[in-house]
Undergrad: 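Just passing along the structure, written as structure tokens.
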Amino acid sequence: MLTLRAYRRFVVVAWQFLPLLLAYARDRRRFLVVGRPRHVSSEVHRARAERLLESLLTLGPTFIKLGQLLSTRPDILPPEYVGVLSALQDEVPPAPWPEAKVVLEEELGPLEERFESFDTEAISGASLGQVYTARVDETDVAVKIRRPNIETLVEADLRVVHWSLPILMLFVGEARAFSLENLADEFAKTIREEMDYEREATMLREIRGNFADDDRFLIPAVIESHSSSRVLTMEYAAGTKINDVETLDERGIDRRRIAENLERSYLQMIIDDGVFHADPHPGNLAVTDDGRIIFYDFGMSGRVDAFVQEKIVDFYVAIANQDIDAILDALIEIGTLSPDADRAVMADVMELAIADARGEDIEQYRVQQIVGQIEDSIYEFPFRLPANLALVLRVATVVEGVCVTLDPDFDFIATATAYLTEEGYREESIRQFLEESSANLGESLTAATRITPKAERTLDRLEREDLYVRIGVEDSNGVFDKLAKRLVYGMLLTMGLFSTGVLYALEAPDASVIAAVFSALLTIQLFRSFRAPRSIRTKPQFTRQNLRRRDRE
């Protein structure tokens with residue numbers, strides 16, 4: 001039954017996405033099979049992104065989640081798509097209460113026996129679940145119920161995504177194939193985790209414990225007796241939506257302090273704790289009357305291992321220190337930038353991006369502008385965005401946007417730099433640099449003491465004419481292979497043209513046509529061998545004006 005449903009969904013999905021796939025195929029080869037690539041303007045990309053957004057909304061909950069995930073992957077989609085999909089909200093009408101009640105009672109038992117009161121009007125609806133308010137043991141609670149029958153739909157859609165992957169590979173370049181495979185695996189893992197409310201409860205408890213002694217934040221407690229894998233009951237905490245600046249001002253709340261506390265909370269979660277709330281859009285953040293920040297909905301949450309934490313710190317410290325080489329080193333070590341990338345080209349891109357993003361002083365720019373420029377480069381160069389960084393990138397951009405809404409002059413980098421300094425990360429970075437420099441100096445001095453006797457022995461052998469030099473030619477770019485292919489193609493083409501002429505003169509038209517077709521194919525192959533490949537080593541035409549134009553668009 002599930003397989004049959006998956007087949008039907010596959011047809012529906014294919015029909016929705018076929019026009020876009022054909023457009024992408026023509027971008028690579030104008031006539032699908034042959035032809036040169038087409039230049040696609042930013043306006044065309046944006047129009048296609050709008051059509052993609054409509055298709056995702058039409059296909060329902062699973063594909064809404066897929067769109068949200070794609071909005072965090074600038075290594076797969078152009079920046080125009082990322083911008084359009086970033087506005088995709090996980091808000092759909094809640095399922096009818098009688099259907100949700102069935103799920104609730106299957107998990108917890110009769111409603112009247114388990115709850116003192118229960119409001120059957122959902123306070124929020126999402127693609128995978130919906131939230132109601134109720135009362136348990138004289139405590140106001142929020143009850144999150146998984147959407148009825150969502151499991152079958154999600155599993156069918158995941159099969160469709162799995163079946164579609166080989167087809168998608170035909171429409172994208174090799175640089176995107178790896179990212180697409182990772183995306184499919186990441187999506188299946190993420191959506192299954194988000195449907196598991198027991199996992200969400202675990203993450204919520206852990207993050208709540210990490211902020212237990214910090215009265216700047218309020219994280220609801222899990223009501224264990226009323227929670228399961230399909231129902232999650234938490235304390236209900238009411239507050240003002242964090243982007244409702246007018247109400248916050250009416251209540252005398254310092255918005256600048258709220259913005260700073262919000263950024264610091266995510267720096268602590270990502271850099272120190274290694275577990276973080278990964279969906280900080282304004283609907284999941286509120287502020288109490290006494291200025292405490294409330295976090296809602298931990299379905300989308302993630303973990304950061306120690307290595308990634310260290311490299312994130314290195315990246316932030318390098319930006320604060322204006323150290324381009326250190327920025328590139330951090331990106332390479334974390335797996336975002338290929339070690340084979342031309343560092344000179346990438347240094348130019350990074351310098352322009354940072355120079356365009358900052359004002360007179362480096363501390364004045366905002367991280368979202370930097371990330372936006374890096375997202376542009378990620379699509380234009382064969383970068384790879386590791387799955388464990390996609391959520392971190394999304395959190396950084398969304399949190400910065402919320403902070404700027406609270407305070408238009410908020411300086412994200414200044415706050416991050418202050419946090420790193422207070423926690424001792426910048427001093428630790430300097431100490432490690434001095435230790436490494438000292439070790440390198442010692443190794444250099446040791447090597448210098450060994451050079452003199454070796455040089456003397458070499459000169460003695462040279463004087464006795466007893467010195468042999470072995471030379472190996474390194475051809476990492478396959479130059480010799482290309483020359484050999486061109487030579488073979490040229491010889492075969494010459495033979496083909498000669499054969500065509502001889503056969504035509506001997507009045508053997510059929511054979512001469514075959515020889516002519518063979519010669520034409522060889523001509524195409526020879527022409528293709530001379531075409532310059534599109535590579536990261538080609539210096540791009542990046543200018544400050546181009547970068548600023550992208551921001552305006």
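As the structure is a computational prediction, the values presented were derived from the model and not from experiment.
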Undergrad: For S227, is there any backbone N or O sitting under 3.5 Å from a side-chain donor or acceptor partner on E107?
TA: no

Undergrad: Under a 4.0 Å threshold between the charged nitrogen and the carboxylate oxygen, would R159 count as salt-bridged to E155?
TA: no

Undergrad: Would you mind reporting whether T133 and D140 have side-chain heavy atoms less than 4.5 Å apart?
TA: no

Undergrad: Restricting to side-chain contact (heavy atoms from CB on, under 4.5 Å), what partner residues turn up for I150, sequence neighbours left out?
TA: P61, L128, R146, R147, L153, V154, M195

Undergrad: Holding to side-chain contact (heavy atoms from CB on, under 4.5 Å), I want the full list of residues that pass it with T247, two or more places apart in sequence or in another chain.
TA: T240, D244, R251

Undergrad: Check R230 with E198, please: is the shortest side-chain N to carboxylate O separation under 4.0 Å?
TA: no

Undergrad: Of all the heavy-atom pairs spanning V82 and L70, show the shortest one and how long it is.
TA: CG2-O, 4.5 Å

Undergrad: Would you sort out whether E224 and R205 count as a salt bridge (Lys or Arg N to Asp or Glu O under 4.0 Å), showing the intermediate values?
TA: CA-CA 11 Å; E224 306 285 354; R205 282 191 295 267; 2.7 Å; yes

Undergrad: Should the pair R255-D407 be classified as a salt bridge under the 4.0 Å nitrogen-to-oxygen rule?
TA: no

Undergrad: Say you draw a straight line from CD1 of I191 to CG of D157; how long is it, rounded to the nearest 0.5 Å?
TA: 7.5 Å

Undergrad: Under the 3.5 angstrom rule, does the side chain of E235 hit a backbone N or O of I223 as a donor-acceptor pair?
TA: no

Undergrad: If you count every heavy atom of other residues, nucleotides or ligands that lies below 6.0 Å from E246 atom CD, does the total exceed 12?
TA: no

Undergrad: Examine distances only and state if a side-chain atom of H226 and a backbone atom of L108 form a donor-acceptor pair shorter than 3.5 Å.
TA: no

Undergrad: At their closest point, which heavy atom of G291 faces which heavy atom of I258, and how far apart are they?
TA: O-CD1, 3.3 Å

Undergrad: Do V141 and M234 touch side chain to side chain, with heavy atoms closer than 4.5 Å?
TA: no

Undergrad: Compute whether any side-chain donor of one residue and acceptor of the other, for T139 and D137, lie under 3.5 angstrom apart.
TA: no

Undergrad: Quick one: do V275 and N210 satisfy side chain to side chain contact (heavy atoms under 4.5 Å, CB included)? Show the steps, please.
TA: CA-CA 9 Å; V275 56; N210 292 333; 3.6 Å; yes

Undergrad: Could you check whether any side-chain heavy atom of Y266 comes within less than 4.5 Å of a side-chain heavy atom of P280, counting everything from C-beta outward?
TA: yes

Undergrad: Within this structure, what is the CD1-CD1 distance for the pair I334 and I312, rounded to the nearest 0.5 Å?
TA: 5.5 Å

Undergrad: Is K144 salt-bridged to E200, cutoff N-O under 4.0 Å?
TA: yes

Undergrad: For the residue pair A278 and V395, what are the closest heavy atoms and their distance?
TA: CA-CG2, 3.7 Å

Undergrad: Between the side chains of S42 and E80, does any donor sit under 3.5 Å from an acceptor?
TA: yes

Undergrad: Run the side chain to side chain contact (heavy atoms under 4.5 Å, CB included) check on Y236 and I123 step by step: do they pass?
TA: CA-CA 12 Å; Y236 178 69; I123 60 174; 4.2 Å; yes

Undergrad: Listed by chain and number, what are the ring-ring contact (aromatic ring centres under 6.0 Å, His included) partners of Y296, not counting sequence neighbours?
TA: none

Undergrad: Could you tell me if the side chain of F298 sits less than 4.5 Å from the side chain of I219, heavy atoms only?
TA: yes

Undergrad: Excluding sequence neighbours, so at least two apart, what forms side-chain contact (heavy atoms from CB on, under 4.5 Å) with D272?
TA: Q268, Y419, E423, Y425

Undergrad: So does E260 pair up with R216, basic N to acidic O under 4.0 Å?
TA: no

Undergrad: Below 4.0 angstrom, N of the basic side chain to O of the carboxylate: do K65 and E194 qualify?
TA: yes

Undergrad: Would you say V304 and F276 make side-chain contact, with heavy atoms under 4.5 Å?
TA: yes

Undergrad: Does N149 have any side-chain contact (heavy atoms from CB on, under 4.5 Å) partners at least two apart in sequence or in another chain, and if so, which?
TA: none

Undergrad: Could you grab the distance from atom CD1 of I293 to atom CZ of F211, nearest 0.5 Å is fine?
TA: 9.5 Å

Undergrad: Who are the ring-ring contact (aromatic ring centres under 6.0 Å, His included) partners of Y132, not counting sequence neighbours?
TA: W97, F118

